[in-house]
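Below is one structure, written out as structure tokens, with a few remarks after it.
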Amino acid sequence: MRSSVRVLGVLAAFAILFGACAGSAAPAGGAASAAPAAAKATPGGSVTFVLENDVIDFDPMRSRAFVDRNVHYQIYDSLVRIDATGKIVPWLAEKWDTAADGKAVTFSLRKDVKYHDGTAFDAESVKWNIDRYIKTTGSARAGELASVDSVTVVDPATVRFNLKTPFSPLLANLVDRAGMMVSKAVAEAAGADFTRKAFKAGSGPFVLTEAVKDDHMTLEKNLSWWGKDKDGSKLPYLDKITVKPITNSDVRLTNVKTGDAQVANNIAGKDVAVVKTDPALSYQQIASYAFDSLIPNRAKGFVFEEGRYVRAVAMALDRKEILDKWAFGVGAVGYGTIAPGHFAADPSFKPFEKADPEGAKKLIAEVGKPLSFELLISAGDPAGLQLAQLMQAQLAKADIKTEIQQLEFAKILELQSKKTFKGLTLVGWSGRVDPDGNTYDHLYTGKPFNDSSYSNKDVDRLLDEQRATSDPEKRKTALRAAEKIYVQDDPARVWYRFRAVQLLTVKKLQGLEAYPDSLIRFQYGWLQK
């Protein structure tokens, strides 16, 4: 491991506490220059990135998938970002100040930024974007910005977020899609087509120029991007990135090994030992904030409306066997949303440490009806099918009958968002630097990512409490109390693993570094001549 879980957790806690409560300023040359750039970096060249699924939505407002973010991060800038340690750093916002009562945050913006279509990035643009995220029906960002009451343009380079209550995770949420800035002109001109045709919509290091569904996406160098390397040279170095969606993990790896692709960030556990010893490849792995879970539909009229069934599945699952036999030790056994690297983590929280199929049988007997359901998984990936089959065998020991159904990944997300799936889905979460980003929207009543239709008044109250204080100990107390309820006492879903960040490249592709959010910063990559 290149950085330990504990280091990530400490740094993330300090970044969130002090970043949200005090001013922060960009390093000389701008935040983008803070990332390491290898000596003798040479501009030019093209690379191919193999991604596990096609991008579903190019609009940060509506996006729900990790695969989307892999492209978003190249074409959009956000107000703030994290560095490789998990610390929040300036990006489009050069600095920020929080009011003494915690109910307003004022951002000073970069003045040298234009969108790819030539329109200006300024305070009016920030206001338009945040208003759009908050007020648009169906916005997936509404929960992440729930405490923002309004946005005030102070002057062209200064914008103030007025908060309903103090909101400690604000900066952490602005790191990602809730803080990504989109050209108003492009979004309005594209209308409903913006979900697939976000051409020239961002201000990031690369420009989306082509998107052929289920085949490829083309990203070309933004010659006017504001970022520079440590020596003051313009970024990005690469001329073009081709993104190819390939659902089959074996085929993705073959593409990298044969040189048809140069980078991947999702490697099957069975292949890790092989890529580590391949002299033509470079493999990086660090701790991640991401979790894997089984999501039940607890809506009225569906099988898992009965919470004891969710708990029975949680009891019957053998997480250690999954980690060892399927993931080959990549990642860590997981029991909830708060990853080992989060400041609120408690390593002693292991409510389902040992599988208990007999206990699960007794719980199902209390309900009085055998448990059987569909397990929906993404089609086309043998590794995903192997995981589902292992879980199926484990659950069978508790007399739980599981029927595996393979669907297109986008279809599974659609069924989740509409709350119409019949059993469980096998869908993970790519993780956020603050535990609120792993928790609030997934578990709070009625929020955008609460795909299990979970509702618990005590959990809602505790999650509101932790948002309203910047004291890390008070936040930790509330988060831990909430986690005990939604994992153990009244389970919202079944968590089983915390992932690891993976980054596989060919040796000649230099400058890329694994980040704890699992996203690649292609602006720092360059090809060795």
Side-chain angles (χ1 to χ4, degrees), residues 53 56-57 64-67 138 140 247 291-319 322 326 337 352 357 360-361 363-429 441-456 459 486-487 490-497:
N53 278 290
I56 298 169
D57 205 318
R64 294 168 52 88
F66 172 62
V67 286
T247 58
F291 65 70
D292 285 321
S293 69
L294 290 164
I295 303 175
N297 188 350
R298 292 199 57 181
K300 189 173 181 59
F302 290 88
V303 173
F304 287 102
E305 178 187 0
E306 171 54 71
R308 286 174 290 182
Y309 280 154
V310 184
R311 184 173 173 83
V313 173
M315 294 171 68
L317 216 60
D318 188 335
R319 293 157 179 78
I322 290 170
W326 176 75
T337 66
F352 304 106
K361 287 180 184 179
L363 200 57
I364 294 168
E366 288 180 12
V367 180
K369 184 180 179 180
L371 176 56
S372 63
F373 58 86
E374 293 180 349
L375 176 58
L376 304 184
I377 67 170
S378 182
D381 183 15
L385 179 58
Q386 290 161 9
L387 172 60
Q389 290 171 336
L390 176 57
M391 289 180 169
Q392 184 182 51
Q394 291 179 352
L395 295 175
K397 295 177 182 178
D399 296 333
I400 298 171
K401 185 178 179 181
T402 307
E403 181 182 350
I404 299 170
Q405 297 283 349
Q406 299 186 67
L407 298 176
E408 184 183 42
F409 180 62
K411 181 62 177 179
I412 295 175
L413 292 189
E414 179 187 342
L415 293 172
Q416 283 187 182
S417 66
K418 292 180 177 179
K419 314 296 191 291
T420 56
F421 62 104
K422 295 181 180 180
L424 293 172
T425 63
L426 191 61
V427 177
W429 178 249
D441 262 14
H442 299 268
L443 297 157
Y444 197 99
T445 302
K447 293 304 179 184
F449 287 93
N450 189 346
D451 293 333
S452 64
S453 297
Y454 182 72
S455 182
N456 185 296
V459 170
Y486 63 73
V487 172
D490 178 28
R493 58 172 76 176
V494 179
W495 289 268
Y496 62 91
R497 183 174 75 124

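Of the inter-residue distances, the one linking F449 atom CZ with L413 atom CG reads 9.0 Å to the nearest 0.5 angstrom. Atom NZ of K397 is separated from atom CG of D318 by 7.0 Å, given to the nearest 0.5 angstrom. For the atom pair Y444 OH and N450 CG, the distance stands at 11.5 Å (nearest 0.5 Å).
A salt bridge links D292 to R497: one of the charged nitrogens lies within less than 4.0 Å of a carboxylate oxygen. For the pair R64 and D451, the salt-bridge criterion is met [side-chain N within less than 4.0 Å of a carboxylate O].
Contact of the N456 side chain with the L443 side chain is not registered, since no non-hydrogen atoms from C-beta on lie closer than 4.5 Å. In this structure, the side chains of K300 and E305 come closer than 4.5 Å at one or more pairs of heavy atoms. Between K369 and L371 there is no side-chain heavy-atom pair separated by less than 4.5 Å. Residues Y309 and I364 are in side-chain contact: their nearest non-hydrogen atoms beyond the backbone lie under 4.5 Å apart. Counting only heavy atoms from C-beta outward, the side chains of V494 and L317 approach each other to under 4.5 Å. With a 4.5 Å cut-off on side-chain heavy atoms, K422 and F373 do not count as touching. Using a 4.5 Å heavy-atom cutoff, the side chains of Y486 and D490 are not in contact. For the pair L387/Y496, a side-chain contact is recorded, criterion being any heavy-atom separation below 4.5 Å from C-beta on.
When atom types are taken as modelled, the side chain of Q405 and the backbone of L375 share no donor-acceptor pair closer than 3.5 angstrom. Within the 3.5 Å criterion, the main-chain N or O of A388 finds no donor-acceptor partner in the side chain of Q392. Without hydrogens or angle criteria, N297 side chain to F302 main chain gives no donor-acceptor distance under 3.5 Å.
Smallest separation of non-hydrogen atoms from A140 and D441: O-OD2, 4.0 Å. Scanning all heavy atoms of the two residues, the minimum distance from Q416 to I295 falls at OE1-CD1, 3.5 Å. Residues L294 and R493 share a closest heavy-atom pair of O-CB, 3.1 Å.
Aromatic ring centroids of W429 and F66 lie 6.0 Å or more apart.
Applying the side chain to side chain donor-acceptor pair (under 3.5 Å) rule to pairs touching residues 371-390 yields S249-D381, sequence neighbours excluded.
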